[in-house]
Student: 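Sharing a structure below in structure tokens format, with a few things to ask.
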Amino acid sequence: MSGSAVAGLATLATQHISLRQAFAADPERATRFSTSACGISLDYSKNLIDDQSWQALQHLAENSPLKASLQAMLDGAKINHTEQRSVWHMMLRKNDVSGLTLDGEDIGAAIADCRSKMTALVNQLHQAQYIGYNGKAITDLIWIGIGGSLLGPQMAVEALTPYHCSPVKLHFAGNIDGAVVTDVIKNLDPATTLVFVASKSFGTEETKQNALAVRQWFTDHGADAKAIAQHFWATSSNIQAAAEFGIIAEHILPMWDWVGGRYSLWSAIGLPVALMIGTQHFAQLLQGAEAMDQHFINAPFSDNMPLTLALLGIWYINGFGCQAQALLPYSHYLRLLPSYVQQLDMESNGKSVDIDGLPLTDATAPVIWGDAGTNGQHAYHQLLHQSALAVPADFILPLNPAHGLADHHQRLAAHCFAQTQALMQGKTLQEATEECLAGGMTPAQAKALAPHKVSPGNKPSNTLLLPELSPYYVGALIALYEHKVFCQGVLWRLNSFDQWGVELGKQLSGPIYQALAGQDASKLDSSTQALIQAFLQQKK
Ligand SMILES: O=P(O)(O)OC[C@H]1O[C@](O)(CO)[C@@H](O)[C@@H]1O
């Protein structure tokens, strides 16, 4: 068993803190428990912390190998030791990449070359200069990928909708459910469609299958191998597999071993973002992320925003046994952020052995979930307010909207702040009773209804405010969550950069796929056999 530094938190967490009382007693609480970085502010005063517990959490960080681990990451050490890989996604957002070398390779030159290829392609597409096999300009781009090769660009493209400037329309295909690719190609013309196969490994079944379906669609429309080569591109580190698929060398943008899939938005995996918002705005996305990197690297622990979020997360998971974490962007355009952070956090830290392969004694990554506010207020916020479950929540609000409906935005902000306030202060039985009486109820009616209106309060939340949803702040926000996950991984002593857990399902799906095609299934368990039978019997 791996003894962990977070073990003492459960004892510390038994000391009750009343947030209502804490705010009443200390008018400076919001100022004391807030910080800012890169223009983003974080109010973490509505958390179940006091000076003592916050100091204990700071102490935990100070006594951890955080500084050494960060330095090892920056130095290019193979901190993803189970795959023998460096973790250098931060280098991808550096403005000045000159002189960057890793294992004797000129990484700076490779990054610069990749950036200039992306810029050239985006410019060509924007200027209708990419001509398809029948002489017409490209009008649509299909991006085929899954997990880290899809979630990042999809989320960032959505987040930056007001910046869209591309005459070429973008379509994503991830899921192996044939409905996805069928719907995507339904109204498209292969002669004016460019296809990107985005797969670091170029071996992911979903991506390969969707790529094959789209290639078949080209063939069905009379495209020959030359035409297909003209229309297909890849982003991959497996050049050989991409070439075998029929993608020519000039159409393969690099991915590198030192970039994990869920950290790859900043590489050529960000091409859909560059396409949709233009390369200058894409550069601003990188700048925002780089600014957050600098903050993370240089800010003292006491004022370090990613570390603050990480410590608070650990406080709830290991101190209070919370298993979930809600991510609630009060921004329609950030509605995909929870899905993105789900992969980032849960695939990185959803582990049960430490870096030495020893079982972890403490729980790790939370179940991340959420959706855009205010929609959730009319659905699951009921549980947040009144259930016995404690679900710490991050509220995220861009202060200035891209639209002109100022009153809408004021109301959105009011709801965001009110939710954090309601979670914190709750409503007592006395307040509920008084409210019922003030509404004209008899004392008996009030007594019957009031308990149903009680909200326990004391429910923790963070509030992150962004000046606006611009490429710069979106970049900084994403990097903030990346570094939070990194800090937590170090504090839990696990490898945040591998994902062996996803392999088992992939392995088992092979024999089941064969059984669904009629091969012997008798060695499988009875439940799986019955499911296969049900599938085979109903198959038309
Ligand atoms: O880019 P690839 O190699 O197709 O992988 C896609 C995704 O699959 C995973 O390996 C696991 O499902 C993710 O980590 C990754 O982002």
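We count ligands from 1, going down the list as the structure has it; atoms in each ligand are counted the same way.
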Student: Could you tell me which atoms of ligand 1, counted from 1 in the order shown, lie closer than 4.0 angstrom to a heavy atom of Gln343?
Tutor: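 Going through ligand 1 atom by atom, the ones under 4.0 Å from Gln343 are 13 (C), 14 (O), 16 (O).
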Student: Strictly below 4.0 Å, N to O, side chains only: are Glu482 and Arg93 in salt-bridge contact?
Tutor: yes
Student: Considering only protein heavy atoms, which is closest to atom 2 (P) of ligand 1, and at what distance to one decimal place?
Tutor: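 The answer is Thr204 OG1, 3.3 Å.
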Student: Hey, can you tell me if Tyr330 and Phe395 have their rings parallel, tilted or perpendicular (30° and 60° cut-offs)?
Tutor: tilted
Student: Could you check whether any heavy atom of Glu206 sits closer than 4.0 Å to an atom of ligand 1, since that is the contact criterion I want to use?
Tutor: no
Student: If the cut-off is 4.0 Å to any non-hydrogen atom of Val502, which atoms of ligand 1 fall inside it?
Tutor: 11 (C), 12 (O)
Student: Please determine if Glu158 and Arg335 form a salt bridge, counting it only when a charged side-chain N lies under 4.0 Å from a carboxylate O.
Tutor: yes
Student: For atom 1 (O) of ligand 1, what is the nearest protein heavy atom, given as residue, atom name and distance?
Tutor: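 It is Ser149 OG, 2.6 Å.
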Student: Is Lys78 paired with Asp103 through a side-chain N to carboxylate O contact shorter than 4.0 Å?
Tutor: yes
Student: Under 3.5 Å, is there a donor-acceptor pair linking the side chains of Ser201 and Thr204?
Tutor: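 Per modelled atom types, Ser201 and Thr204 side chains form a pair under 3.5 Å.
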Student: Looking at Asp498 and Lys351, does any basic side-chain N land under 4.0 Å from a carboxylate oxygen?
Tutor: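 Looking at Asp498 and Lys351, the cut-off is met.
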Student: Measure from atom 8 (O) of ligand 1 to every heavy atom in Met255, Lys208, Lys506, Gln499 and give the option owning the shortest one.
Tutor: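 The residue whose heavy atom sits nearest atom 8 (O) of ligand 1 is Lys506.
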Student: Considering only the protein, which heavy-atom contact is closest to atom 3 (O) of ligand 1, and what is its distance?
Tutor: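 That would be Ser201 OG, 2.6 Å.
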Student: Using a 4.0 Å cut-off to any heavy atom of Ser199, which atoms of ligand 1 qualify?
Tutor: 1 (O), 2 (P), 3 (O), 4 (O)
Student: Check ligand 1 against Ile146 and write out every atom of the ligand that is under 4.0 Å from a heavy-atom position of the residue.
Tutor: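 Reading through ligand 1 atom by atom, the close ones are 6 (C), 7 (C).
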Student: Can you tell me which residue and heavy atom of the protein come closest to atom 14 (O) of ligand 1, and the distance to 0.1 Å?
Tutor: Glu347 OE1, 2.9 Å
Student: Consider ring-ring contact (aromatic ring centres under 6.0 Å, His included). Of Phe218, Trp217, Tyr133, Phe196, which one does Phe232 pass it with?
Tutor: Phe218
Student: Can you label the angle between the Tyr263 ring and the Phe497 ring as parallel, tilted or perpendicular, going by 30° and 60°?
Tutor: tilted
Student: May I ask you to list the atoms of ligand 1 that are less than 4.0 angstrom from any heavy atom of Lys200?
Tutor: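 This gives 1 (O), 2 (P), 3 (O) as the contact atoms.
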Student: Could you list the atoms of ligand 1 found under 4.0 angstrom from a heavy atom of Gly148?
Tutor: 15 (C), 16 (O)
